[in-house]
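Working notes, structure below.
Quick caveat: nothing in here was measured; it's all calculated off a predicted structure. By convention in this document, chain letters (A, B, ...) are assigned in the order of the sequence lines, proteins followed by strands, and residues within each chain are numbered from 1.
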Amino acid sequence: MPELPEMETYKNLLQLRVTGHKIVNVEVNREKSINTATKLFIDALNGNKIVDIQRRGKHLIFQLDTGKCLLLHLMLGGLMYIENDTDTISRTKQVIISFNSHKLVFIGLRLGYLHLLDDKQLKDELSDLGPEPLKEDFTLLLFEQLVDKKRGKLKTTLVNQEFIAGIGNCYSDEICYAAELLPSRTFDSLEHSEVQKLYNSIQSVLKEAIQLGGYIELPLFKEDKLTGGYNDHCKVYDREGEKCNRCGHPIKKEIISSRKCFFCTNCQF
DNA sequence: AGGGCAACCCGGACGC
DNA sequence: TGCGTCCGGGTTGCCC
């Protein structure tokens, strides 16, 4: 499901195609996806512009010229697509934001949402999120301080949004693999050098995934060749039984805290 | 604090 | 082709 690198990729691609374009029509086919009455939501967008797009954790924030914003969380299976006159997608569309020459459609929003908020509401909604792992202030020292208070499993803690924002089921496995650490290890069992390795792996895995466009398979628009480039680079996620990239042993799958978890028992310790 | 678990939600994949 | 069934999984909240 969309995690930090996927949302960052969406952000970068949407900046070029959505910001600055006048919204000429809005369609809401599923009221549960939004947080206001449909008419209110539509009126807040129609005729206005998205002036900026930011990412926080797995959220995207569409800043409107009116001062309000849209907070997006795709949750499980949520996707976006940009349609135009010659290219449409045959999926159920929960929300459609139309511009003059193209449409931004939201599909697969089940638990996902698009909330219309003012600054204060936005701040409140995001207040429980942990640090951004790729921001400069996320230093090794800060990570060591956060880790110091933790005793839980790497897997469970890495996907906890209050610990670090943006890491989900796929990248937590990939990060543990890159760090050569078993996801079932606990933080209080880590040597100092292992904490450092984990910190470096968080950075390198997320950065590489962003560079390659994340692992989501559906392109954002027809000519989009960036999105999904990381799919082939996943070393363990969803690769049960396949040979480990490093040592050739078969990748194992196990449920850890009711989540699918993939790792190599031979070269992760 | 951490682990376990149920509830939320429904499109789409899959089986017949 | 068509219909019914069931699964996935991030997040929240509750209990132990």
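Applying the ring-ring contact (aromatic ring centres under 6.0 Å, His included) test to residues at least two apart or on different chains, the pairs with a partner in residues 127-159 of chain A are A/Phe138-A/Phe143, A/Phe138-A/Tyr199, A/Phe143-A/Tyr199. Residue pairs meeting the side chain to side chain donor-acceptor pair (under 3.5 Å) criterion with at least one partner in residues 120-134 of chain A, sequence neighbours excluded, are A/Arg55-A/Glu132, A/Arg56-A/Glu132, A/Lys120-A/Asp124. For residues 48-70 of chain A, the pairs satisfying ring-ring contact (aromatic ring centres under 6.0 Å, His included) are A/His59-A/His73, with sequence neighbours left out.
Side chain of A/Lys58, nearest nucleotide from C/dT11, B/dA1, B/dG3: C/dT11.
Between the side chains of A/Thr9 and A/Asn12, no donor-acceptor pair is found at a separation under 3.5 Å. There is a side-chain donor-acceptor pair under 3.5 Å between A/Glu31 and A/Thr38. For the residue pair A/Ser257 / A/Thr156, a side-chain donor-acceptor distance below 3.5 Å is found, with atom types taken as modelled.
A straight line from CD of A/Glu217 to C1' of B/dA13 spans 14 Å, rounded to a whole angstrom. A straight line from OH of A/Tyr113 to P of C/dT11 spans 8 Å, rounded to a whole angstrom. Atom pair A/Asn160:CG and C/dT11:C1' shows a separation of 11 Å (rounding to whole Å applied). Atom P of nucleotide C/dT11 and atom CD of A/Glu125 are separated by 13 Å, given to the nearest angstrom. Remark: C1' of B/dG2 and CG of A/Leu154 are 14 Å apart, rounded to the nearest angstrom. The distance between atom CG of A/Asp128 and atom P of C/dT12, rounded to the nearest whole Å, is 7 Å. Atom CZ in A/Arg151 sits roughly 9 Å away from atom P in B/dA1 (whole-Å rounding). If you take CZ of A/Arg259 and P of B/dG3, they are 12 Å apart, rounded to a whole angstrom.
For the segment residues 161-173 of chain A, residues with any heavy atom less than 4.0 angstrom from an atom of DNA chain C are, sorted by number, A/Gln161, A/Asn169.
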For residues 16-28 of chain A, which side-chain donor-acceptor pairs fall under 3.5 Å, sequence neighbours excluded?
from, atom 1, to, atom 2, distance (Å)
A/Arg17, NE, A/Leu13, O, 3.4
A/Thr19, OG1, A/Gln15, O, 2.3
A/His21, NE2, A/Arg17, O, 3.4

Distance-only donor-acceptor hits, side chain of residues 165-181 of chain A, under 3.5 Å, sequence neighbours excluded:
from, atom 1, to, atom 2, distance (Å)
A/Asn169, OD1, A/Lys155, NZ, 2.7
A/Asn169, ND2, A/Lys260, O, 3.1
A/Tyr171, OH, A/Glu6, OE2, 2.6
A/Ser172, OG, A/Lys155, NZ, 2.9
A/Ser172, OG, A/Gly168, O, 2.9
A/Ser172, OG, A/Asn169, O, 3.0
A/Asp173, OD1, A/Lys155, NZ, 2.7
A/Asp173, OD2, A/Phe262, N, 2.8
A/Glu174, OE1, A/Lys235, N, 2.8
A/Glu174, OE2, A/Lys235, N, 3.1
A/Glu174, OE2, A/Val236, N, 3.0
A/Glu174, OE2, A/Tyr237, N, 2.9
A/Tyr177, OH, A/Arg246, N, 3.2
A/Glu180, OE1, A/Lys197, NZ, 2.7

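Taking A/Lys243 as the reference, nothing meets the side chain to side chain contact (heavy atoms under 4.5 Å, CB included) condition, with sequence neighbours excluded. A/Lys68 pairs by the side chain to side chain contact (heavy atoms under 4.5 Å, CB included) definition with A/Leu64, A/Thr66, A/Leu116, not counting sequence neighbours. With sequence neighbours excluded, the residues forming a side chain to side chain contact (heavy atoms under 4.5 Å, CB included) with A/Lys32 are A/Arg30, listed by chain and number. Residues passing the side chain to side chain contact (heavy atoms under 4.5 Å, CB included) test with A/Glu191 are A/Ser193, A/Glu194, sequence neighbours excluded.
Judged by closest nucleotide on DNA chain B, A/Gly152 is the one of A/Ser258 and A/Gly152 placed further toward the 5' end.
The side chain of A/His73 contributes an N or O atom lying less than 4.0 Å from OP1 or OP2 of C/dT11. For the pair A/Lys150 and B/dG2, the criterion of a side-chain N or O lying under 4.0 Å from OP1 or OP2 is met.
For the helix from B/dG2-C/dC16 to B/dC16-C/dG2, the end axes, each set by the C1' atoms of five terminal pairs, are bent relative to each other by 40° (nearest 10°).
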Can you give one letter per nucleotide of nucleotides 6-11 of chain B, going 5' to 3': B for a protein heavy atom under 4.0 Å from the base, S for sugar-phosphate only, - for none? --BBBB

